[in-house]
Amino acid sequence: MAGFQFGITNAGMELLTKGLAGSEIRFTGIRMGDGVPTGSLTAMTALASQKAELPITRMIRKSGQVTLKGMLRAGQAAQGFTWRELGLTAADPDTGAEVLYAYGYAADGDYIPGAGESTLDERAIQLTVLVAGAEQVTAQLDPTALYVDHDEFEEAMAPLRGGAAATLSCTASDGVHALVGLGSRAGLVPCQFVAAADYKSGDSFTVDGVSYTAQLQNGRALPDGFFTAGAAVSALLRTEEQTVNFKAAGSGSPFPAGTTGLCAAFRQTGEWTVPHTGPYRLICIGRGGAGGNAKYASTNANPFASAGGGGSGAWCVKTLELQQGEVLTMTVSTLYSRVTRNGEVILEAGRGKNGTSATSGKGGAGGAGGTALYGDLNVDGASGESGTAAASGAVSGGNGAPMQSWEQLALYLDGSIGYGGLTENNADETGTNPVSYTLLGLSMGAGGGGGGVTSGGSAGSGGSGSPGCVLAEYAF
């Protein structure tokens, strides 16, 4: 479905908060409908017009996300409908009531034939949603579901095709762990061995006398003490690149290195009490600037003047050790997003500046990006596009600046943008507000679009910038 938007609802965020506190998150079903939401997608508590209910057939968890699968059988819907809505439900651990955890909508939907129609149409539905660091995540599976997709079939058949793990012998000397027994096997080969010595940072590996590079599956080096002598160790050999790839993050950790779980999200100023002693990743995202207003001045030589788009907010990241019971102040204002610890500012992301409104005969300038301070990683915001002035014709407003994204913040920063009036993606003279496509369903830090001017002299106003926020994650 073109233009599909999907994210966690407000009710889902409340349930996720309970999950992070130790309660069970139990997904109960997938819903399809043909309704049209009347307000914000995140405020939805049920589908506007539900037409089909799908049982969950499989759940796969990877780090802080789960992927759930369901199957719409041919003729399952009594009447044909235009599929626009998709929902995921879960049970409230306190009341047992079913809540809408995530909701998606596309204005341009697909037609699903009804039971009495000659066309057969089956749909395999797959949803991926955020569960962050919640420990108890389950799904109410349908025991009668016999559908197996291609990926599941290949996964089940792999051991029967020679994909069983190779058992290797291991010796260790002078920091070299020598694995022997691979033989003629090639490609991706799962293996297992009993460690002959403790792993120390900087140790190397050989496989049948050939030097291999050891790494975690995220490409990072193995940490000191990754395994100990006598431990049963599993790995994946990639013979073409001569790498030994390890899955676990280290001794005692069930998560890959680099895994984080969302603990708290602040979109307004508040205080956060650290729940457990350990490493945390703090993220500040500054507010996006608003787009300026266009102007039509009939007496000027260039009467059609459009406005500049807003600059994007800065963002920054800091990882540090925090103690249980510490209280941090999370400030989210129109000027910056900031973390204060014991009276000292330890992280700050400034807001993007507003785009300048047009004046008689002159287009407005794009707003400057915000400034990041004090982080381990600091990324300043980008400037919005400037408006222009012309003697005739429609004049487009400047686009707002999108956030400067980073792979590890993909859950929160999605490149959403506020489009200027009368631009390629916005037929109206009014600049748009950024729209989010993240799993959290939140748009943060992007600049609003500047207003444009129609050929008839109608001057549009600018779009609002996205708000800032402060996030706290536990770093496993």
Full working for side chain to side chain contact (heavy atoms under 4.5 Å, CB included) between Tyr101 and Val131: CA-CA 11 Å; Tyr101 187 90; Val131 293; 4.1 Å; yes
Check against side chain to side chain donor-acceptor pair (under 3.5 Å), Thr128 and Thr67: CA-CA 4 Å; Thr128 298; Thr67 297; 2.9 Å; yes
Side chain to side chain donor-acceptor pair (under 3.5 Å) between Ser333 and Thr331, intermediate numbers included: CA-CA 6 Å; Ser333 72; Thr331 303; over 6 Å; no
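Rounding to the nearest 0.5 Å gives a distance of 5.0 Å between OG1 of Thr371 and CG of Asp380. Note: Leu86 CG to Leu54 CG = 8.5 Å, rounded to the nearest 0.5 Å. Separating the CZ atom in Arg267 from the CZ atom in Arg287 is a distance of 9.5 Å, to the nearest 0.5 Å. Taken from CG in Asn399 to OG1 in Thr423, the straight-line distance is 5.0 Å, to the nearest 0.5 Å. Taking CG from Asn342 and OG1 from Thr329, the interatomic distance works out to 9.5 Å, rounded to the nearest 0.5 Å. To the nearest 0.5 Å, atoms CG (Leu222) and OH (Tyr199) are separated by 4.5 Å.
Around the CZ atom of Arg238, the shell of radius 6.0 Å holds no more than 12 heavy atoms that belong to other residues, nucleotides or ligands. The environment of Glu321 atom CD is dense: over 12 non-hydrogen atoms of other residues, nucleotides or ligands sit within 6.0 angstrom. Other residues, nucleotides and ligands contribute over 12 non-hydrogen atoms within 6.0 Å of the CD atom of Glu326. Counting non-hydrogen atoms of neighbouring residues, nucleotides and ligands closer than 6.0 angstrom, the NZ atom of Lys18 exceeds 12 such neighbours.
Looking only at distances, no side-chain donor or acceptor of Thr273 sits under 3.5 Å from a matching main-chain atom of Val327. No donor-acceptor distance shorter than 3.5 angstrom exists from the side chain of Ser312 to the backbone of Gly381, with no hydrogens or angles considered. Within the 3.5 Å criterion, the main-chain N or O of Leu236 finds a donor-acceptor partner in the side chain of Asn245. A distance-only check finds no donor-acceptor pair linking the side chain of Ser396 to the backbone of Gly452 [under 3.5 Å]. Under the 3.5 Å distance criterion, the side-chain polar atoms of Glu429 are left unmatched by any main-chain donor or acceptor of Gly451. Proximity of a side-chain donor or acceptor of Ser306 to a complementary backbone N or O of Thr388 within less than 3.5 Å is detected. In this structure, Ser357 contributes its side chain and Asn293 its backbone to a donor-acceptor pair below 3.5 Å. In terms of modelled atom types and a separation under 3.5 Å, the side chain of Gln215 and the main chain of Thr243 share no donor-acceptor contact.
Taking the six-membered ring where tryptophan is involved, the planes of Phe226 and Phe246 are perpendicular, since the angle between them exceeds 60° and thus also 30°. The aromatic rings of Tyr474 and Tyr280 sit perpendicular to each other, their planes meeting at more than 60°, with 30° as the lower class boundary.
When only modelled atom types and interatomic distance are considered, Thr82 and Asp34 share no side-chain donor-acceptor pair under 3.5 Å.
Between Tyr296 and Phe304, the distance separating the two ring centers is shorter than 6.0 angstrom.
Residues Lys51 and Met32 form no side-chain contact, since every pair of their non-hydrogen atoms from C-beta on lies 4.5 Å or further apart.
What you find for Gln50 and Arg31 is that their closest heavy atoms are OE1-CD, 3.3 Å. Taking both residues in full, the closest heavy atoms of Pro37 and Met44 are given as CB-SD, 3.8 Å, listed atom of the first, atom of the second, then distance. The minimum heavy-atom distance linking His276 with Val274 is given by the pair O-CG1, 3.2 Å. Of all the heavy atoms in Ala401 and Ala382, the pair that sits closest is CB-O, 3.3 Å. Taking each heavy atom of Glu98 and Thr28 in turn, the nearest pair found is OE2-OG1, 2.9 Å. The two atoms that bring Ala314 and Ala372 nearest to each other are CB-N, 3.5 Å, heavy atoms only.
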